[in-house]
Amino acid sequence: DAGITQSPRYKITETGRQVTLMCHQTWSHSYMFWYRQDLGHGLRLIYYSAAADITDKGEVPDGYVVSRSKTENFPLTLESATRSQTSVYFCASSDQSGGNYEQYFGPGTRLTVT
Amino acid sequence: AQTVTQSQPEMSVQEAETVTLSCTYDTSESDYYLFWYKQPPSRQMILVIRQEAYKQQNATENRFSVNFQKAAKSFSLKISDSQLGDAAMYFCAYRSGRSQGNLIFGKGTKLSVKP
């Protein structure tokens with residue numbers, strides 16, 4: 001199906017483990033983003049990517065790693081998960097051509113670190 | 001740095017009535033975009049309406065409209081003829097015209113609709 005998907009939708013992991021959240025979009029959008037949503041904070045940007053092999057930090061990048069070897073995929077890795085990284089993670093993509101600045105969001109991944 | 005403030009953590013409206021959600025933002029830029037996103041219990045983020053700062057006319061989308069006051073840096077969302085399906089979290093978001101496209105979000109307003 002066309003659109004933006006995230007996997008897994010739910011994940012429970014232990015402190016210190018590495019976990020990777022996947023994001024895949026079928027529109028060939030150039031821009032992709034990772035946000036985290038916490039109670040009382042709204043959504044905050046973790047990392048973003050303007051194109052394949054181009055990534056940059058957002059507001060809260062510590063403890064996260066991203067890569068973008070293909071335009072359609074933008075995985076987010078927590079190298080050593082901590083309880084403070086318990087959150088809902090959203091991936092988004094955007095074309096940003098022709099004056100279209102809408103971001104399309106995936107369904108989110110709820111991550112719990114025990 | 002730009003900031004977005006939603007001063008109403010929770011709001012309630014009677015079905016078929018009108019409700020206004022408030023949003024203020026702080027920026028020194030002249031080129032930017034503003035958005036309202038809806039997040040129902042499913043967690044899906046849904047774009048409700050957007051406003052380009054260079055446009056003086058307030059954006060409207062069916063029952064949703066905004067009151068954009070650029071000088072006051074205010075961007076409120078009005079929902080007319082409220083429906084039960086409007087119950088959700090609503091987030092105001094800012095995008096700089098010079099940024100790589102990332103959004104800066106307010107903390108959200110939880111809207112309840114009473115039948």
Side-chain angles (χ1 to χ4, degrees), chain A residues 3-6 8-10 21 23 25 27 29-51 54-61 66 68 74 87-111, chain B residues 1-10 21-26 29 31-55 59 61 64 75 88-111:
Chain A
I4 182 165
T5 57
Q6 293 182 235
R9 294 293 310 279
Y10 300 89
L21 309 183
C23 178
Q25 52 106 353
W27 296 301
H29 285 170
S30 56
Y31 284 82
M32 295 188 75
F33 308 86
W34 274 107
Y35 295 90
R36 60 178 288 175
Q37 182 179 20
D38 305 291
L39 274 175
H41 285 281
L43 280 76
R44 293 179 292 174
L45 182 69
I46 304 171
Y47 269 95
Y48 66 94
S49 169
I54 301 175
T55 62
D56 208 347
K57 296 178 180 179
E59 180 185 353
V60 288
V66 294
R68 195 162 176 211
F74 191 38
S87 187
V88 178
Y89 291 85
F90 286 96
C91 179
S93 71
S94 176
D95 185 10
Q96 298 194 42
S97 65
N100 179 15
Y101 300 109
E102 180 175 352
Q103 286 192 17
Y104 299 85
F105 284 82
T109 294
R110 180 178 293 278
L111 175 68
Chain B
Q2 296 86 12
T3 58
V4 176
T5 302
Q6 293 179 249
S7 59
Q8 306 152 317
E10 295 187 21
L21 308 184
S22 301
C23 174
T24 57
Y25 58 94
D26 187 25
E29 299 176 335
D31 179 23
Y32 54 88
Y33 306 82
L34 297 165
F35 306 83
W36 278 99
Y37 279 86
K38 171 185 178 181
Q39 186 181 42
S42 67
R43 284 207 314 255
Q44 183 68 48
M45 295 289 288
I46 303 165
L47 179 65
V48 175
I49 200 166
R50 72 177 191 182
Q51 175 81 42
E52 292 86 346
Y54 64 85
K55 289 186 178 179
E61 287 288 343
F64 299 87
F75 183 60
M89 283 291 288
Y90 286 82
F91 292 97
C92 179
Y94 171 100
R95 179 196 181 279
S96 166
R98 294 185 296 174
S99 76
Q100 295 294 313
N102 54 288
L103 299 172
I104 299 170
F105 286 87
K107 295 182 179 181
T109 296
K110 183 177 181 180
L111 178 66

Interatomic spacing from [atom1] in [X] to [atom2] in [Y] - rounded to 0.5 Å:
X: A/Phe105; Y: B/Ile46; atom1: CZ; atom2: CD1; answer: 11.5 Å
X: A/Phe90; Y: B/Gln44; atom1: CZ; atom2: CD; answer: 7.5 Å
X: B/Arg43; Y: A/Thr109; atom1: CZ; atom2: OG1; answer: 7.5 Å

Exercise. Would a 4.5 Å heavy-atom cut-off, applied to side chains only, mark B/Met89 and A/Gln37 as touching?
Worked result: no

Exercise. Heavy atoms, side chains only, cut-off 4.5 Å: are B/Asn102 and A/Tyr35 in contact?
Worked result: yes

For this session: Side chain from CB out, backbone as N, CA, C, O: work out which of these in B/Gln39 comes under 4.5 Å of a heavy atom of chain A, or both, or neither.
Result: side chain

Problem set entry | Proximal component of B/Leu103, with respect to chain A [non-hydrogen, under 4.5 Å] | both

Problem set entry | Engaged part of A/Arg44 at the chain B interface, taking heavy atoms whose separation is under 4.5 Å | neither

Problem set entry | Closest approach of A/Glu102 to B/Leu47 (non-hydrogen atoms, all atoms of both residues) | CD-CD2, 3.3 Å

For this session: Go through B/Arg95 and A/Gln103 one step at a time and tell me if the side chain to side chain contact (heavy atoms under 4.5 Å, CB included) criterion holds.
Result: CA-CA 11 Å; B/Arg95 179 196 181 279; A/Gln103 286 192 17; 5.8 Å; no

Seminar exercise, completed: Among A/Leu43, A/Val88, A/Leu45, the residue with the most heavy-atom pairs under 4.5 Å to chain B is A/Leu43

